[in-house]
A.B. asks: 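The structure's right below; bear with me while I get my questions together.
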Amino acid sequence: MYLALAPLFFSISTYAQQSTHSIERITTTAQRVASNVSDLPYVVSTVDEKTLELLSSTHIEEALSLVAGAGVQRGNGQEYLPALRSPVLSGAGACGGILAAEDGIPLRAAGFCNINELFEAHSEMAQSIEVLKGPGSAFYGSNAVHGVINVITPDTSTDAGQFGVDYGSYGYNRYKFRQGFDFGESGIGVNASVTRDSGYRVEESVDQEKVNLRHRFDGKSYSLTSGLTYTDLAQETAGYISGFESYKNATLAQGNENPEAFRNASSFRLWSNLLWNLSEHNVFSITPYIRDQDMTFLMHFLPGTPIEENDQQGIGVQSLWKHSASDSATVNVGLDAEYTEGGLRQYQNSQTEGSAFLAETVPIGKHYDYNVDVTLYAPFIVFEWQLNRWLISLGMRYEYMHYNYSNNMLSGRSKEDGTACGFGGCRYSRPPSGENSYSNTSPKLGIFYQYSDQTQLYANISRGYRAPQATELYRLQREQEIADLNSETVTNVEIGLKGQLEYLEYVLSIYHMDKNNFIFRDSDFFNVNDGESEHRGIELELHYQFAKHWDLKVAASYAKHTYSYNQILNDININGNFIDSAPKTIANTRLGWDISADSRIELQWQHVAAYFTDPENIHRYEGHNILSLSGIMHFSEAIVLSARINNLTDSNYAERADYTEFGGDRYFPGRPRNMMLSMTYKW
């Protein structure tokens, strides 16, 4: 892959010497205030509004597949498993490796991550989706180990109205509405969608509603912007299908081994940002926010299929003071703080099916019932020096998290009423009430060099961290009474090349990350964090306008994600093995034809290489190549029509494949050829 990219890299560099035109791209994700993507010593990728309009995605995985280094694997309904410069994150210690946010506000408190939490962002009607890769920014702390995914909602306070309808295969319908009211120095607006999807598989469906409200007030030296997001999901879930390459059998692929599974979730967020220009050299920003979330779902993947209920309510604030000490020096100082009250209950209403051991050790009744109060504060500082063509960025973030845990049941591994389980004790273990605290520091050093008006070089060395989550500390199993866990850390070294030309934009990145103390469940079912891994990769994103009406867009990555610690599984030491669910190559290529100024067609090729499905590297998935075709036409300023055909060649493939010792090969099958038609009326 490295050698294959060399001719392309050479042609890009040659072209750069022949062009003088540069394109400015603005991001708010990187530094909380508007900044030029090209001037950053790390990478922020953007899926813009025009792309999202053409895509008309039904799941955020479709948008993130356009970002090099992102390898999100879709589950069922709105569920997914994420990857960003990482293997697909699954199992114990998985969630919290990527910070998910909407409008810069983390969707979940740092100690209460959920692996599927991006379905609580309004990505279906976003203005853009920005992806910050790696732990390069001091503006983000715990959970931004592999990067940040930030869904940015539109400022509807200045929008005219629009109404849209999406109609797709297998009973998919979505209704979209947007309306703004601009009063000059102020305005209000609404952005809403309602989704109904009866699904391709048996006993699956999605009912989902999302709404954003926005208010804006512009003063002489300040602006006040407020936003509200509410989401509600009612999902009938289809689980894995079992059997080697069962996804190739249409009958099995459409089936559902877990027809009783469901997930219900709602979320509410309210925030208000004050951006105050104190003087020519001083800008102050403060954003207080409120979060409230709850979720109930059937854990169909566990013996006894228990039900989990979790909730969290919290308040927080983000602040930033940006001071330009001179024309060449800037300092950013801020403090982030949160207080969150969360709870979790797990219970089972019927007898566990299976062996006598399972029936006895996984009893009817409550398994867990606890509350956790989490306090977080994180000061940070970033210095930036502009020295001719050089920009040097030096940052530091300190973060303190305190957990106050209250167990609402009897401690230990007994049944709810205190009686003992046979075979040595119950499966689930409840630690006594207590407290845990974590302190982490993350230094950042970035160097940016303006080689020419069209070409920039960058390098950064950074450290990221992830404090243990509440479920990893207090949701124990078997004989484990206390989880003595440290924070997960990652050290990242990265270099890259950026260019913006008249006909070509590109970003080429090479990174090496060493991760320590990652959490996993060992052979004794203990939560431990002795894990170490190594992550190396090269990424390329480019947009090449090779003819007047034709262009090519590429997002490709080649990466090796390997275990770097000793653990014996089935008599195999996995040290040096590839991490399961980590394809070496992922590529998305789009060939676009602008038929006219008002219409466009894109042919998309999504490539996922083969990957191992177990840590022992014995079982594997063969990978897949999927073609899709989309088009959009603006019939007038008021009417827009678009269409999309997914899986154009009707290939049999798996969205996700894995292997378990007791379950064997398992898959989430991809949908056969399907289509989407969309109509939008604007006024």
A.B. asks: Run Gln73 and Glu655 through side-chain contact (heavy atoms from CB on, under 4.5 Å) and show every step you take.
C.D. replies: CA-CA 6 Å; Gln73 291 187 349; Glu655 294 278 4; 5.8 Å; no
A.B. asks: Check step by step if side chain to side chain donor-acceptor pair (under 3.5 Å) holds for Asn264 and Thr296.
C.D. replies: CA-CA 5 Å; Asn264 298 324; Thr296 303; over 6 Å; no
A.B. asks: Would Ser267 and Thr231 count as a side chain to side chain donor-acceptor pair (under 3.5 Å) here? Give the steps.
C.D. replies: CA-CA 5 Å; Ser267 69; Thr231 71; 2.5 Å; yes
A.B. asks: With rounding to the nearest 0.5 Å, note down the distance linking CZ in Arg656 to OH in Tyr80.
C.D. replies: 13.5 Å
A.B. asks: What do the steps show when you test Tyr398 against Phe380 for ring pair (Phe, Tyr, Trp, His ring centres under 6.0 Å), and what is the final call?
C.D. replies: CA-CA 6 Å; Tyr398 169 79; Phe380 62 88; over 10 Å; no
A.B. asks: Are any of the side-chain heavy atoms of Lys50 and Leu52 separated by less than 4.5 Å?
C.D. replies: no
A.B. asks: Could you check whether Lys498 makes a cation-pi contact with Tyr458, meaning its NZ or CZ is under 6.0 Å from the centre of the six-membered ring and within 45° of the ring axis?
C.D. replies: yes
A.B. asks: Step by step, would you call Ser564 with Thr562 a side-chain contact (heavy atoms from CB on, under 4.5 Å)?
C.D. replies: CA-CA 6 Å; Ser564 53; Thr562 56; 5.5 Å; no
A.B. asks: For residues Leu320 and Asn332, determine if any side-chain heavy atom of one lies less than 4.5 Å from a side-chain heavy atom of the other.
C.D. replies: yes
A.B. asks: Less than 3.5 Å apart, any donor N or O on the side chain of Glu338 or Tyr289 sitting next to an acceptor on the other?
C.D. replies: yes
A.B. asks: Parallel, tilted or perpendicular: which fits the ring planes of Tyr474 and Tyr405, with parallel below 30° and perpendicular above 60°?
C.D. replies: parallel
A.B. asks: Do the non-hydrogen side-chain atoms of Leu132 and Tyr42 ever get within less than 4.5 Å of each other?
C.D. replies: yes
A.B. asks: Against Arg263, only a single residue in Glu79, Gln78, Gln235, His300 fulfils side-chain hydrogen bond (donor to acceptor under 3.5 Å, both in side chains); can you say which?
C.D. replies: Glu79
A.B. asks: So which pairs with a foot in residues 56-70 pass salt bridge (Lys or Arg N to Asp or Glu O under 4.0 Å), sequence neighbours left out?
C.D. replies: Glu62-Arg74
A.B. asks: So, Glu308 and Arg475, do they make that salt bridge, N to O below 4.0 Å?
C.D. replies: yes
A.B. asks: Hey, which of Thr489, Leu99, Val490, Val145 is the one that makes side-chain contact (heavy atoms from CB on, under 4.5 Å) with Pro135?
C.D. replies: Val490
A.B. asks: Got more than 12 heavy atoms from elsewhere within 6.0 Å of CG, Asp48?
C.D. replies: yes
A.B. asks: Give me the ring orientation class for His561 and His535: parallel if the planes are under 30° apart, tilted from 30 to 60°, perpendicular past 60°.
C.D. replies: tilted
A.B. asks: Does Ser123 reach the main-chain N or O of Ile60 with its side chain, forming a donor-acceptor pair under 3.5 Å?
C.D. replies: no
A.B. asks: Using the rule given for side-chain contact (heavy atoms from CB on, under 4.5 Å), can you reason through Ser142 versus Met401, listing the C-alpha separation, both sets of side-chain angles and the distance that settles it, and then say yes or no?
C.D. replies: CA-CA 9 Å; Ser142 190; Met401 288 183 64; 4.2 Å; yes
A.B. asks: Are side-chain N/O atoms of Thr613 and Asp658 paired as donor and acceptor at under 3.5 Å?
C.D. replies: no
A.B. asks: In Å, rounded to the nearest 0.5 Å, how long is the span from CG of Leu118 to CG of Leu64?
C.D. replies: 7.0 Å
A.B. asks: Test Val528 against Phe520 for side-chain contact (heavy atoms from CB on, under 4.5 Å), laying out the working first.
C.D. replies: CA-CA 6 Å; Val528 298; Phe520 63 96; 3.6 Å; yes
A.B. asks: Could you check Arg214, Glu124, Lys210, Met125 and say which one makes a side-chain contact (heavy atoms from CB on, under 4.5 Å) with Asn191?
C.D. replies: Met125
A.B. asks: Taking the six-membered ring for Trp, are Tyr400 and His402 parallel (under 30°), tilted (30 to 60°) or perpendicular (over 60°)?
C.D. replies: parallel
A.B. asks: Got Phe112 and Val372 here, is their nearest side-chain heavy-atom distance under 4.5 Å?
C.D. replies: yes
A.B. asks: Can you give me the closest heavy-atom contact between Tyr667 and Ala657, atom names plus distance?
C.D. replies: CD2-CB, 3.5 Å
A.B. asks: Would you call Arg671-Asp197 a salt bridge at under 4.0 Å N-O?
C.D. replies: yes
A.B. asks: So Met295 and Gln293, do their side chains get closer than 4.5 Å, heavy atoms only?
C.D. replies: no
A.B. asks: Any idea which heavy atoms bring Val43 and Arg85 closest together, and the distance?
C.D. replies: CG2-NH2, 4.3 Å
A.B. asks: Considering all heavy atoms of both residues, which atom of Asp232 and which atom of Ser266 are nearest to each other, and what is their separation?
C.D. replies: OD1-CB, 3.7 Å
A.B. asks: Testing the basics here: between Ala555 and Val67, what is the closest heavy-atom pair and its distance to 0.1 Å?
C.D. replies: CB-C, 4.0 Å
A.B. asks: Quick one, Gln567 and Asn575 - any side-chain contact, counting heavy atoms below 4.5 Å?
C.D. replies: no
A.B. asks: Looking just at side-chain N and O atoms, do Gln606 and His624 make a donor-acceptor pair shorter than 3.5 Å?
C.D. replies: no
A.B. asks: Report yes or no: do Gln604 and Asn588 form a side-chain donor-acceptor pair below 3.5 Å?
C.D. replies: yes
A.B. asks: Compare every heavy atom of Val88 with every heavy atom of Gly71, then report the nearest pair and how far apart it is.
C.D. replies: O-CG2, 3.6 Å
A.B. asks: Test side chain to side chain donor-acceptor pair (under 3.5 Å) on His512 and Glu534 and set out the steps.
C.D. replies: CA-CA 8 Å; His512 184 121; Glu534 189 176 12; 3.0 Å; yes
A.B. asks: To the nearest 0.5 Å, how far apart are CD in Glu117 and CD in Glu102?
C.D. replies: 12.0 Å
A.B. asks: Is Leu508 close to Glu539 at the side-chain level, that is, under 4.5 Å between some pair of heavy atoms?
C.D. replies: no
A.B. asks: Stepwise, does the side chain to side chain donor-acceptor pair (under 3.5 Å) test hold for Tyr465 with Glu399?
C.D. replies: CA-CA 10 Å; Tyr465 56 86; Glu399 189 164 286; 3.3 Å; yes
A.B. asks: Using 4.0 Å as the upper bound for N to carboxylate O, is an ion pair formed by Glu541 and Lys133?
C.D. replies: yes
A.B. asks: Tell me whether the rings of Phe578 and Phe612 are parallel (<30°), tilted (30 to 60°) or perpendicular (>60°).
C.D. replies: parallel
A.B. asks: Whether Asp292 and Arg269 form a salt bridge (side-chain N of Lys/Arg under 4.0 Å from carboxylate O of Asp/Glu) is what I want to check.
C.D. replies: no
A.B. asks: To the nearest 0.5 Å, what is the distance between CH2 (Trp271) and CD1 (Ile290)?
C.D. replies: 13.5 Å
A.B. asks: What distance separates Ile447 CD1 from Leu445 CG, expressed to the nearest 0.5 Å?
C.D. replies: 5.0 Å
A.B. asks: Using the rule given for ring pair (Phe, Tyr, Trp, His ring centres under 6.0 Å), can you reason through Phe268 versus Tyr230, listing the C-alpha separation, both sets of side-chain angles and the distance that settles it, and then say yes or no?
C.D. replies: CA-CA 5 Å; Phe268 171 87; Tyr230 176 77; 7.2 Å; no
A.B. asks: Any idea which heavy atoms bring Leu84 and Val148 closest together, and the distance?
C.D. replies: CD2-N, 4.2 Å
A.B. asks: Please list all pairs meeting disulfide (SG to SG under 2.5 Å) that have one or both residues in residues 55-100, counting only residues at least two apart or in different chains.
C.D. replies: Cys95-Cys113
A.B. asks: Measure the spacing between CD of Glu488 and CG of Asn143 and express it to the nearest 0.5 Å.
C.D. replies: 9.0 Å
A.B. asks: So Tyr565 and Phe518, would you call those rings parallel, tilted or perpendicular, with 30° and 60° as cut-offs?
C.D. replies: perpendicular
A.B. asks: Find out whether Tyr659 and Arg666 are in side-chain contact, i.e. whether some heavy atom of one side chain is under 4.5 Å from a heavy atom of the other.
C.D. replies: no
